[in-house]
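Each chain gets a letter, A, B and so on, in the order the sequences are listed, and its residues count up from 1.
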Protein chains: 4
Amino acid sequence: MNFGSDNYAGAHSAITASLAKHATGYATPYSTSDLDLAVQRRFSTIFERDVAVFYVATGTASNSLALASFAKPGGIVLAHHEAHIVVDECGAPEYLSNQIRIVPVKGSHGKMDSAHLCKQAKRITGLDVHGGRLNAISVTQPTENGTVYSLEELETIAKIAIDHKVPLHMDGARFANGLVSLGCSPAEMTWKRGVDILSFGGTKNGCWCAEAVVIFDIEKAREFGFIQKRAAQLFSKSRFVSAQFEAYLENDLWIDLARHSNKMAADLADTFSHSLSSRLIRTPQANEVFVILEKNTIALLESNSVVFSIWPASDELEIRDDEQLCRFVTSFETTEDDINRFRSLII
Amino acid sequence: MNFGSDNYAGAHSAITASLAKHATGYATPYSTSDLDLAVQRRFSTIFERDVAVFYVATGTASNSLALASFAKPGGIVLAHHEAHIVVDECGAPEYLSNQIRIVPVKGSHGKMDSAHLCKQAKRITGLDVHGGRLNAISVTQPTENGTVYSLEELETIAKIAIDHKVPLHMDGARFANGLVSLGCSPAEMTWKRGVDILSFGGTKNGCWCAEAVVIFDIEKAREFGFIQKRAAQLFSKSRFVSAQFEAYLENDLWIDLARHSNKMAADLADTFSHSLSSRLIRTPQANEVFVILEKNTIALLESNSVVFSIWPASDELEIRDDEQLCRFVTSFETTEDDINRFRSLII
Amino acid sequence: MNFGSDNYAGAHSAITASLAKHATGYATPYSTSDLDLAVQRRFSTIFERDVAVFYVATGTASNSLALASFAKPGGIVLAHHEAHIVVDECGAPEYLSNQIRIVPVKGSHGKMDSAHLCKQAKRITGLDVHGGRLNAISVTQPTENGTVYSLEELETIAKIAIDHKVPLHMDGARFANGLVSLGCSPAEMTWKRGVDILSFGGTKNGCWCAEAVVIFDIEKAREFGFIQKRAAQLFSKSRFVSAQFEAYLENDLWIDLARHSNKMAADLADTFSHSLSSRLIRTPQANEVFVILEKNTIALLESNSVVFSIWPASDELEIRDDEQLCRFVTSFETTEDDINRFRSLII
Amino acid sequence: MNFGSDNYAGAHSAITASLAKHATGYATPYSTSDLDLAVQRRFSTIFERDVAVFYVATGTASNSLALASFAKPGGIVLAHHEAHIVVDECGAPEYLSNQIRIVPVKGSHGKMDSAHLCKQAKRITGLDVHGGRLNAISVTQPTENGTVYSLEELETIAKIAIDHKVPLHMDGARFANGLVSLGCSPAEMTWKRGVDILSFGGTKNGCWCAEAVVIFDIEKAREFGFIQKRAAQLFSKSRFVSAQFEAYLENDLWIDLARHSNKMAADLADTFSHSLSSRLIRTPQANEVFVILEKNTIALLESNSVVFSIWPASDELEIRDDEQLCRFVTSFETTEDDINRFRSLII
């Protein structure tokens with residue numbers, strides 16, 4: 001059983017088949033082939049408006065270049081203090097976006113507290129160059145804590161961005177998992193709520209390497225090609241990404257895979273809730289389960305080759321010396337049998 | 001017939017099969033899986049010494065991060081004035097390597113003139129901060145003009161790097177084509193000649209997306225992981241690259257594919273040499289053919305759906321008004337039938 | 001009466017005289033003149049060891065290039081959350097030092113809490129590239145809150161830096177004020193405590209524009225010339241800074257000026273402590289006084305042309321709606337008469 | 001006799017007196033004092049339109065931030081191959097302006113050949129991201145070779161910039177020397193010819209440290225404050241620069257000083273033209289004299305403590321083995337007596 005991360009899984013068979021299907025013949029490179037253009041149109045269909053789509057190598061690249069596309073001298077981006085761009089990207093967003101700085105916003109369960117966000121935004125007036133100026137707000141959906149912002153919560157954050165005349169970025173590394181959780185359309189979770197630019201991730205949900213920056217106002221996408229190439233993120237054989245996305249977006253495969261992994265996470269959480277040696281932090285809303293386990297339970301699981309992560313606990317959590325916070329991630333590869341076998345181990 | 005570029009081709013069937021083979025099951029991400037480690041060992045075998053290997057998204061990334069790994073404040077890299085890092089990477093090497101500058105070196109047929117290289121290197125003494133200081137020399141093998149440095153020529157350049165105590169980088173976007181052309185081993189064309197760091201390209205020779213930075217002194221590879229992640233070039237599902245390289249390096253597939261495309265280029269050049277409406281610039285040594293064509297020949301080819309590129313001519317070339325310089329690139333997909341059909345068009 | 005900031009004052013007459021004295025005749029530029037070298041030796045005498053000294057334009061430049069001289073890819077600098085490099089430099093340290101990030105450390109009265117510093121340092125293990133790695137610790141002496149670290153406190157911080165094998169930087173924009181406050185020698189407050197690199201400020205204490213980066217291990221200063229020039233911080237007529245420092249360091253002028261301004265701050269604080277409409281936050285240890293004033297007192301002062309700053313209050317401070325936090329800064333120009341007149345206004 | 005560079009001289013007595021005059025009393029910092037504002041207005045008067053003026057520390061900073069203010073991803077600046085920004089600034093323009101690259105333009109006597117400039121501009125179409133895009137043209141007036149572009153020559157260059165819709169930057173490190181040479185007004189040599197942004201240097205012409213970026217369209221100056229602060233180039237006690245400029249611009253002092261140094265250069269050139277052991281490269285148009293001297297003449301001068309520079313010769317110059325190219329620079333400090341004594345040495 002492997003709950004290490006959704007990037008421990010490989011690629012879905014439909015993705016693999018699509019790569020084989022499109023491997024032969026010639027195609028123009030650099031996102032100009034017929035397949036590339038067809039997939040770009042598909043994105044527009046899915047988002048119910050003309051969008052600009054750019055493929056990049058990693059989720060970190062997606063976030064970094066998205067923020068770069070808006071970056072201003074002295075610019076500050078506000079994001080949750082546990083956001084991927086804050087703690088997991090080795091400074092790439094700052095490096096690749098010409099020195100924006102990311103100032104952390106507080107908030108429980110991985111979500112920015114809107115009052116604190118508002119306060120932080122107001123502090124950065126930009127009237128005085130010394131303090132810098134607000135440049136963008138970045139929201140992660142679903143969050144790094146496995147929670148999902150409601151549409152109302154997204155709208156509240158978007159309003160703050162609008163009030164300060166700055167763009168709103170969404171880190172959607174697990175976009176499909178959030179979408180399934182809310183049961184809404186891609187448009188409803190993004191531009192209809194005020195999102196200007198999206199990191200759309202496919203890798204964690206069954207692709208090999210399929211990450212895209214989606215810009216909702218195509219007029220604002222004109223500079224992006226230069227930003228992408230300057231960052232060495234312009235694939236030559238771009239159809240290898242398009243082939244993945246074609247299969248991914250076909251017949252709602254992406255939705256089905258995300259629904260499956262969310263369901264597996266819910267089942268896993270349910271299992272924990274029946275175990276005396278575990279304390280579930282919260283009901284998962286996507287495909288990540290955070291739970292406090294007794295150390296001997298951890299040892300038991302490890303001795304049974306269950307893969308998962310010990311997770312750094314925030315200061316607020318009360319964790320006993322014989323416990324540790326753990327993270328379990330499900331994916332399209334997780335099976336009901338995995339869950340059943342897991343249940344038999346801890347209950 | 002498509003001679004547009006070797007990145008117009010897709011992926012070789014063995015590459016596709018390997019991706020399918022490795023798609024299932026779990027594997028640790030970020031270049032730590034068993035397959036990743038096996039492929040890294042394979043690189044060491046091929047290069048006859050322990051090497052450090054890092055996958056990146058593009059050839060531009062490979063060059064940029066290779067140069068970044070040595071970059072110093074005020075650093076200057078010397079490279080041929082038509083090198084890919086000079087004219088085709090939108091400033092990525094400078095951007096991603098913390099502001100090295102690339103100063104062009106003259107030389108005919110895409111090769112640096114060693115006397116001019118020597119002179120340029122001596123000018124940048126570094127005794128005075130204003131002028132900056134020599135940081136590295138970068139050589140492209142094969143060159144952008146389809147020529148291949150001999151081992152002696154490489155050694156001459158390496159000696160200049162050694163004399164100035166700076167590293168030598170090799171842009172090997174078409175590494176296999178150069179290797180086949182010289183008929184030597186990978187070690188002989190690289191570290192045995194004085195190359196310190198290599199951009200090893202697989203994409204143009206039958207892979208989907210397989211580019212690696214190879215560092216020959218593993219002691220000098222310690223910082224690279226941070227440079228790679230900071231540039232958003234660390235793949236999570238790294239086995240998708242390893243799967244490509246596994247097949248690519250298996251049973252000399254890479255050598256066979258390069259030998260084939262070089263042969264096709266030679267045949268194409270031979271064809272041009274028998275045409276009255278074309279003037280071959282030089283005998284190709286790898287898989288690129290540069291030829292001056294009469295404009296009505298160009299029109300004829302285009303009307304027959306032959307894909308190739310009109311190429312910017314350097315000032316030295318004498319080109320009549322009714323002619324244009326053209327580039328034809330062959331690949332693993334090029335067939336003898338393509339060449340035969342092409343011959344029937346122009347002779 | 002002007003308590004706006006110590007940069008509202010001009011230059012001490014001895015500084016002006018020295019500029020006039022050295023204005024005539026020829027001198028080699030770029031910190032190579034006889035006067036430049038003499039002043040550099042003077043710094044070595046003052047610090048009781050051979051030090052390397054580099055002039056830069058601003059305190060922000062001094063901090064930024066000091067941090068740049070140690071910067072590594074993925075590097076993180078720990079500093080107090082109210083440090084100048086965090087809130088007042090528009091991202092210059094990050095921009096000019098090749099993308100270090102500054103992670104804030106908590107602590108009251110402007111001083112880093114050593115337990116929290118230790119915890120933050122331990123979190124950044126660098127074992128995993130995603131999280132980055134600890135690159136340096138930066139301490140401000142005196143702090144932005146007008147407090148001064150004791151030698152023991154500095155040593156505790158230095159020990160954490162040593163334990164993690166990272167350099168310790170000191171922002172000494174008001175270095176002399178801290179020195180006078182502790183009554184120790186420059187060596188005792190810096191390298192004898194473990195400081196590796198110092199931003200030595202003269203501007204706020206009677207110079208026009210005299211800021212220097214002091215590197216205590218001259219072996220580590222070799223790259224700095226390139227860092228300085230690359231950042232456009234290498235003055236041509238460097239003797240104009242040397243002339244200022246010559247007078248500044250002559251006959252302990254710098255110490256006398258700092259002693260005076262500290263004394264004026266103490267007197268001002270004493271004045272506030274006798275006023276019913278003011279609540280002194282803390283006894284000043286240098287030349288900055290932080291006090292909560294009633295709004296009508298603020299109005300009274302402003303109507304009498306007293307210049308000072310309304311200051312952003314941290315969340316911990318309890319401030320009534322009819323109050324505001326204020327900052328008063330004294331300088332070499334502040335006179336006892338200023339204090340007396342001020343006293344007559346508020347008591 | 002010192003002809004080392006115009007930065008070997010100190011400051012003119014009027015500059016020193018102005019610093020003394022403005023040293024006392026309080027003034028708001030960061031270019032907001034009454035004196036600062038008065039000097040800014042003075043610049044507008046001199047340039048016959050409202051201009052935005054920003055002080056920076058060095059000429060290199062001035063050029064770098066001027067180019068930064070227009071910089072775009074993938075941007076390329078065209079400049080003469082011997083321009084200061086190309087050979088003498090250690091990469092600062094690239095570093096501080098977010099990765100513009102500078103592509104050299106050929107031309108004799110330090111001036112860009114307009115035909116080659118035009119050709120280079122046309123090559124960078126920007127239609128394809130790989131090659132980058134034209135971002136600005138930079139012209140040095142007077143040039144590094146002591147020549148001065150005529151108004152017609154400036155207009156020709158400006159027209160190329162306008163045709164390509166990019167801004168024109170002028171490096172005016174020795175602006176006054178060029179102005180005196182042409183005998184025109186500051187407006188005529190800048191915005192009336194199409195210059196958008198100017199590096200206005202005072203340091204080499206009698207100031208200590210007085211460099212300003214002048215932006216002719218104040219609407220385009222809005223971002224500059226952030227660019228300046230982020231680069232650590234915002235002086236706190238800005239009046240120390242204003243005090244210099246006040247005296248510098250008063251009663252045409254700057255013009256008189258430049259006229260004097262140009263006259264001294266002309267006299268020096270005249271002297272060389274009468275010497276059998278020297279070959280004047282060209283008649284100086286500003287305050288720099290380039291001459292080929294026999295090595296025994298060089299030795300004679302050095303034994304008489306004459307300070308000047310051996311200069312790197314371009315490939316076109318024919319220089320015998322017993323000769324070297326030399327540069328002599330005059331300044332406001334150069335006297336007729338210097339020239340007379342020099343004449344007695346070499347004739």
| note | Heavy atoms of B:E89 and A:K229 approach each other most closely as CA-CE, 3.7 Å
| remark: Rounding to 0.5 Å, atoms CH2 (B:W208) and CD (A:Q244) come to a distance of 9.5 Å
| Separation between CD of A:Q228 and SG of B:C90, rounded to the nearest 0.5 Å | 10.0 Å
| field | Contact winner vs chain B - A:L65, A:L19, A:V307, A:V241, heavy-atom pairs under 4.5 Å | value | A:L19
| Quick check: does any side chain N or O of B:T58 sit under 3.5 Å from a backbone N or O of A:L234, one acting as donor and the other as acceptor? | no
| message | Is the shortest side-chain heavy-atom distance between B:N7 and A:F235 below 4.5 Å? | response | no
| request: Against chain B, work out which of A:A17, A:A9, A:S331, A:A20 has the most heavy-atom pairs shorter than 4.5 Å and name it. | output: A:A9
| request: Report the residues that fulfil side chain to side chain donor-acceptor pair (under 3.5 Å) with B:R174, sequence neighbours left out, ordered by chain and then residue number. | output: B:D6, B:E288
| So which heavy atom on A:A57 is nearest to which on B:A57, and how close? | CB-CB, 3.4 Å
| task | Could you tell me whether A:E302 atom CD has more than 12 heavy atoms of other residues or ligands within 6.0 Å of it? | result | yes
| request: For residues A:Q233 and B:Q233, determine if any side-chain heavy atom of one lies less than 4.5 Å from a side-chain heavy atom of the other. | output: yes
| field | Per-residue contact mode, A:T60 against chain B (heavy atom under 4.5 angstrom) | value | both
| query | Take atom CG in A:N340; do more than 12 heavy atoms of anything else shown fall under 6.0 Å from it? | reply | yes
| remark: Rounding to 0.5 Å, atoms CZ (B:F240) and OG1 (A:T203) come to a distance of 8.0 Å
| request: Might you confirm whether atom CD of A:E223 has over 12 heavy atoms from other residues, nucleotides or ligands at distances under 6.0 Å? | output: yes
| task | Compare all side-chain heavy atoms of B:Y95 with those of A:N98 and state whether any distance is below 4.5 angstrom. | result | yes
| Can you name the nearest heavy-atom pair linking A:A232 to B:A92, along with the distance? | N-CB, 4.3 Å
Donor-acceptor contacts under 3.5 Å from residues 23-30 of chain A side chains, at least two apart:
residue, atom, partner, partner atom, Å
A:T28, OG1, A:T32, O, 3.1
A:T28, OG1, A:T32, OG1, 2.9
A:T28, OG1, A:S33, N, 3.3

| said: How about CG on B:N304, more than 12 heavy atoms from neighbouring residues, nucleotides or ligands closer than 6.0 Å, or not? | reply: yes
| said: How about CZ on B:R222, more than 12 heavy atoms from neighbouring residues, nucleotides or ligands closer than 6.0 Å, or not? | reply: no
| N/O donor-acceptor pair under 3.5 Å between A:R230 side chain and B:L96 backbone | no
| message | I'd like to verify something: which residue of B:S62, B:S13, B:G10 has the highest number of heavy-atom pairs under 4.5 Å with chain A? | response | B:G10
| Hey, does the side chain of A:R239 reach the backbone of B:Y8 with a donor-acceptor pair shorter than 3.5 angstrom? | yes
